[in-house]
Structures are given as C-alpha cells and as structure tokens.
Amino acid sequence: EPIPGCTDPAVANYNSMANYDDGSCEYIEGNYALSFDGEDDYIDTGVSISEESTIIYWVKTSTGFWFLANFAYWNNTTAFFEFNPTIRDDNGYFNEWAYSNNGGRDDYAFVIEKDHRDNLWHNVTTVFHGDGSGTTYFDGVSLGTDNFAFTDWDGASNEKTFDIGRGNDNYWFNGGSPNDYGQGEIDEVSIWNRALSEQEVQSILAAMELNGDEEGLVAYWNFNEGNGSTAYDGTDNSNDGTINGASWLEMEIIPGCKDS
C-alpha cells in the first residue's frame, strides 16, 4: 500500500513510514553553522579516525575555543595518542596538540602566536599521513610536519571516536572524562580516510563546500539543517552526528583576504 510522505531523512518532517515521496519535504533555505556555549555543548559523531586521514573544519570565536575537537587511541598510560586542537582563551593563540606516548612521550604540536579571538572564520586542516607523521594547515598555510610516538591506532585496545566542540584535558588514557568545551561557531566539518595533498587542501578551501561524493570522504557535516538535534552526514555513509546542546546560527561565510 502506498504511504505518501517526505522520504528525505535530512529534513525535519521526514516520514520513516513513507514509501514514496509526495513532495512535502520542508527544506530550510539558508546557510547555517552551529554555535557552542563553552559549557556543555558538543557533537558526538561516532566516527573513527584512521591512521591515514584528513580532518577539515572552519571555526570562529571571540573568546577562545577550548577544545575544538577530540579523538583518542590508547592501550594504557604509556601508550596513547590524544588529539586536542584549541584556540586559547588567554591569548588567542592557535595550538594543535596531540599528546602521544609509546614508552617515551613525543607530542605532535603546532602553535601560531597570534590572537585569533577576532570573530572571523578560520580554517583548520590536519593531515595524518599513515606513517606516524602529520601536517597541519591554518587558513591554507602549512605549519609544517611533525611526528608522534604512538602510531598503532588500528591495534589500540581503546578508542574515543571523534567529538566536535569538546576535549579531555583529564585524558582518556587516565580514565578522565571530557572537561573542556569550546565557545564559538564551527561549520563545514569533513573527515577523509586518506591524506589529502596540499593542492587538494587548497582546492577544498577555495570551494568552501563539498559535494559529498569526493574520493575518500568518510563524513561531511555542513550543518545546514537549521534545526533539530541531528547533524546529518552529507555522504552516503550515514555518519550522522548527535548534537548535544549546540544551537543553530544562520550565517554567511564571505571569502576573501582577512589580513589587515
């Protein structure tokens, strides 16, 4: 028996019982981001980050954003990797930290000593090459490549999947729970299962939006739903994220030079 309704799961009036689309889907037009209050807002994506991967997102803050994202792998307190990028709330510096240990601590870290509490959109891209090294780009500029000690993510006995908007300064490998939540806006988050080249990173930044079918794209959240508690994945992989407290913000990204 035909059951009419909206068959698009990415909109609020999706009808899971419908077996044909009657054109009733209510699409919200506009460009949205998610705003985080710095107290308890975050997104649980459930997505695993592979040893070879790329993470891309845009962030804007006027207060500092501690932390931007988090994932971790660990066996014990001497074998771990924990990813905690941040825009510091005390001086606005961008710090990309990854605490790493495999019998001897060897952190992956980059710092930009400039105040980024400017309420402007900034892009952060981290490329993990699959060989124990990573390259970080800030607004498309490479900060260099660094190595880290704990590289056997696939063989780790414990994992914390990718969160957006919170981190764990108590450390998962110590049994700690998340204790730091960022304040600001985040948009256009994507995760890839391959190490993008510098040329590919530049091309994505120039396009600003993805189609969702790019090679190696695991998950893509553009946050354009405009309502609800689900961040729908723009790929066919159904990696929908659960929004915990973050609020919708209608906005517009205006590309161009921000260097005064």
Nearest heavy-atom contact between D139 and H122 is OD2-ND1, 2.8 Å
D146 side chain near F110 side chain, heavy-atom distance below 4.5 Å: yes
Is it the case that S53 and N193 place a side-chain donor and acceptor less than 3.5 Å from each other? no
If the plane angle is over 60° it's perpendicular, under 30° parallel, otherwise tilted; pick one for W153 and Y73. parallel
We want to know whether D240 and S238 form a side-chain donor-acceptor pair, criterion being a heavy-atom distance below 3.5 angstrom. no
Short N-O contact, R88 and E113, less than 4.0 angstrom: no
Ring pair (Phe, Tyr, Trp, His ring centres under 6.0 Å) partners for F80, two or more places apart: F173
Have N119 and S62 got a donor and an acceptor in their side chains that come within less than 3.5 Å? no
I want to know whether Y32 and F223 have ring centres closer than 6.0 Å. no
Any side-chain heavy-atom pair of N101 and Y99 under 4.5 Å: no
T45 side-chain N/O to G241 backbone N/O, donor-acceptor pair under 3.5 Å: no
W221 and Y232 aromatic centres sub-6.0 Å: no
Any donor-acceptor pair under 3.5 Å linking the side-chain atoms of E159 with those of S48? yes
Please identify each residue that fulfils ring pair (Phe, Tyr, Trp, His ring centres under 6.0 Å) with F94, with sequence neighbours left out. F138
Under a 3.5 Å cutoff, is there a donor and acceptor pairing between the side chains of N70 and N84? yes
State, without any angle test, whether E96 and T126 hold a side-chain donor-acceptor pair at a distance under 3.5 Å. yes
